[in-house]
Structures are given as structure tokens and as C-alpha cells.
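One structure is given here, and the rest of the page talks about it.
Just so it is clear: chains get the letters A, B, ... in the order the sequence lines come, proteins before strands, and each one is counted from 1.
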There are 2 protein chains.
Amino acid sequence: MMNELVMEKIDPELLADEVIMTMADSFKALGDPTRLRIMALLFNGERTVGDLADHLSVSQSAVSHQLRLLRNLDIVRHRKDGREVYYALADDHIRDIYTRTLEHILID
Amino acid sequence: MMNELVMEKIDPELLADEVIMTMADSFKALGDPTRLRIMALLFNGERTVGDLADHLSVSQSAVSHQLRLLRNLDIVRHRKDGREVYYALADDHIRDIYTRTLEHILID
DNA sequence: TATATATATGAATATATGCTCATATAATCA
DNA sequence: TGATTATATGAGCATATATTCATATATATA
């Protein structure tokens, strides 16, 4: 659900450069097929790096690099268990954005 | 409002490559400060290319190139009036996605 | 302790991207 | 019609990005 208190007051035209840059970075993070696939795999719950790599057509290294990027932008979170690291989607904003865009694509 | 009929049935894990690619293209389109600024300027209503260029720190050519990209992805629509071309946000999905992401940035 | 397994990191490279410049196209006006 | 204004397009270039390979780090196990 949207935070009306925040959004009712903000005119996008007046956004500071820094905010625009951060938004751009976030969208850019979602703008890559490998990263979208990773997110899709995490949609139903957490997975280890190796599990993700097994389901993708890129190296473990590539997956790890991309996970770091997603982590730095708070798009995914991680927890360590022994020598494995489990990744998951960070919050519901991410699910929403993903879903809305999928809608935008599928409808029309 | 979300189209529940569509989204309730779709498991992101099962998305076809083509859908993933199109989603990536859409997010990529939003993943650039110049294009985000253009969208921000269109948030309150349509504007001509020249008007947009006047408010941005890039050339008219750059704005035109970016508008073409946004147009090809149905993110903006345009109408011609004499020798001017007015651009506007294409639909409310776009506003939603923009707003959600802004939220994601601002909250925390 | 030595070896194996899971993940992360840095360097190198090929490709993609965004910009400007020059110019084309289209519409208005003198 | 000729000049001016608004927008679009193509080429070229500098920077950003995604990948792999080699290797480092950390944990588990024999």
C-alpha cells in the first residue's frame, strides 16, 4: 500500500538530483535480464547462490557479482548459514514494482 | 489498481525469455537520469520537445533521441500540433511504477 | 590438519549506451 | 517561394556494464 503522506506532497518535477540518481540506479538494477531472472527465482522464497547459478545460464561468479549489486541497492537481503548464503527479495516494494511492470508489459 | 486476474496466475519463475527481455528493456528505459527527468517534467502534463530541452542540461537532439526510446516502449505518447510535438506519460502504470520506486528510495 | 565446497572479489575484455555534431525533414511565415 | 523554426535522425566517440577467468576467503569434513 502506498504511503500517501509521503507521495501526496512530492512533485516529481522538484526532485533533487541525488534522488533522481538513486532512482535511476534502482531502475538500472532491474534493467538486466540476469538480474530480473534472479529476482524471479527469489519471488517464491529465498535461495542460495549456488541454487541460483544452477538455474541460470551464467557463471557462479556472475551471479555473485549481480547479487552484490542488488544487495547494495537494498533490493535483496542475505543471511549466512554455514558456508552457504541465502538471498531473498528485500521488501514488498520490490514485488510491487516487479508486478506492475509485468502488467505494463502483458496488458496491450 | 492491479489486474488481479492477470497477476494471480503468473509465477515469475516461469516467465518466458521474451517477457523477461521486454521487462528488462522497460526498466532500463527508466534507469537513466535524463529519461527520469523527462518523465518527471511530464508528471504534471504534456510538454513539447523544446520545452523539455529547455529544462534539461542536454541538447535538443539528446532529448529527441531519448523520447524516441521512451515512445518505442510505450512509456510516453505524443501528438503533433503544427510543427511542435507534445509528449505525455502513456498511462497510469508508469506513474505507479515511478511513484513506488520513489517510495522505495525515500523510505529508509 | 589437509582437502573439499560455497561464495566473493579483481582484472580484463567485449558490448551497450548516451551524448554531441552535422544534417534531414516538416511546418510556418514574410 | 525562400527563410525560419521545431523536431528527428545518423555517425562517431567516450564511458559504462556484464561477463569470464583466476584466485581469495571462509566454512565444513575426512
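Among the protein residues, A:Gln60 comes within range of the nucleic acid bases, having at least one heavy atom under 4.0 Å from a base atom. Using a 4.0 Å heavy-atom cutoff across all strands shown, B:Tyr86 reaches no nucleic acid atom at all.
Look at B:Arg35 and you'll find a side-chain N or O under 4.0 angstrom from OP1 or OP2 of C:dG18. Using a 4.0 Å cut-off, some side-chain N or O of B:Lys28 falls inside it from OP1 or OP2 of C:dT17. Contact check, B:Ser59 against C:dT20: a side-chain N or O comes under 4.0 Å of OP1 or OP2.
The C1' atoms of five pairs define one axis at each end of the helix from C:dT1-D:dA30 to C:dA30-D:dT1, and these two axes lie 10° apart (to 10°).
With hydrophobic clusters built from ILVMFWY side chains whose heavy atoms lie under 4.5 angstrom apart, A:Leu70 shares a cluster with A:Leu73.
Taking CD1 of B:Ile75 as the start and OG of B:Ser26 as the end, the distance is 5.5 Å to the nearest 0.5 Å. Between atom CG of residue A:Leu36 and atom CG of residue A:Leu41 there is a gap of 11.0 Å, rounded to the nearest 0.5 Å.
Of the N and O atoms on the side chains of B:Arg79 and B:Tyr87, not one donor lies less than 3.5 Å from an acceptor on the other residue.
Remark: A:Asn44 pairs with B:Asp11, B:Glu13 by the side chain to side chain donor-acceptor pair (under 3.5 Å) rule, at least two apart or across chains.
Spacing between atom CG of B:Asp81 and atom P of C:dA27 amounts to 12 Å, rounded to whole angstrom units. At whole-Å resolution of the value, CG in B:Leu56 and C1' in C:dT20 are 15 Å apart. When the P atom of C:dG18 is taken as reference, atom CD of B:Gln66 falls 6 Å away, rounded to whole Å. In this structure, CZ of A:Phe27 is placed 17 Å from P of C:dT17, rounded to the nearest angstrom.
Nearest-nucleotide positions on DNA chain D for B:Arg71 and A:Asp25 put B:Arg71 closer to the 5' end.
Mapping heavy-atom proximity under 4.0 Å, the span of DNA chain D touched by chain A runs 5' to 3' from D:dT17 to D:dA28.
Side-chain contact between B:Leu106 and A:Ile10: present, with at least one pair of heavy atoms (C-beta onward) separated by less than 4.5 Å.
Considering only side-chain atoms of B:Ala62, the nucleotide from C:dG18, C:dT7, C:dT20 that sits closest is C:dT20.
The base of C:dC21 sits within donor-acceptor range of the side chain of B:Ser61, with an N or O pair under 3.5 Å.
At least one test fails for B:Arg47 against the ring of B:Tyr86: distance under 6.0 Å to the centre or angle within 45° of the axis.
At a threshold of 4.0 Å, the pair A:Arg77-A:Asp91 does not count as salt-bridged, since none of the basic side-chain nitrogens sits closer than that to a carboxylate oxygen.
Taking all atoms of both residues into account, the shortest heavy-atom contact from A:Arg35 to A:Ala29 is NE-O, 2.6 Å.
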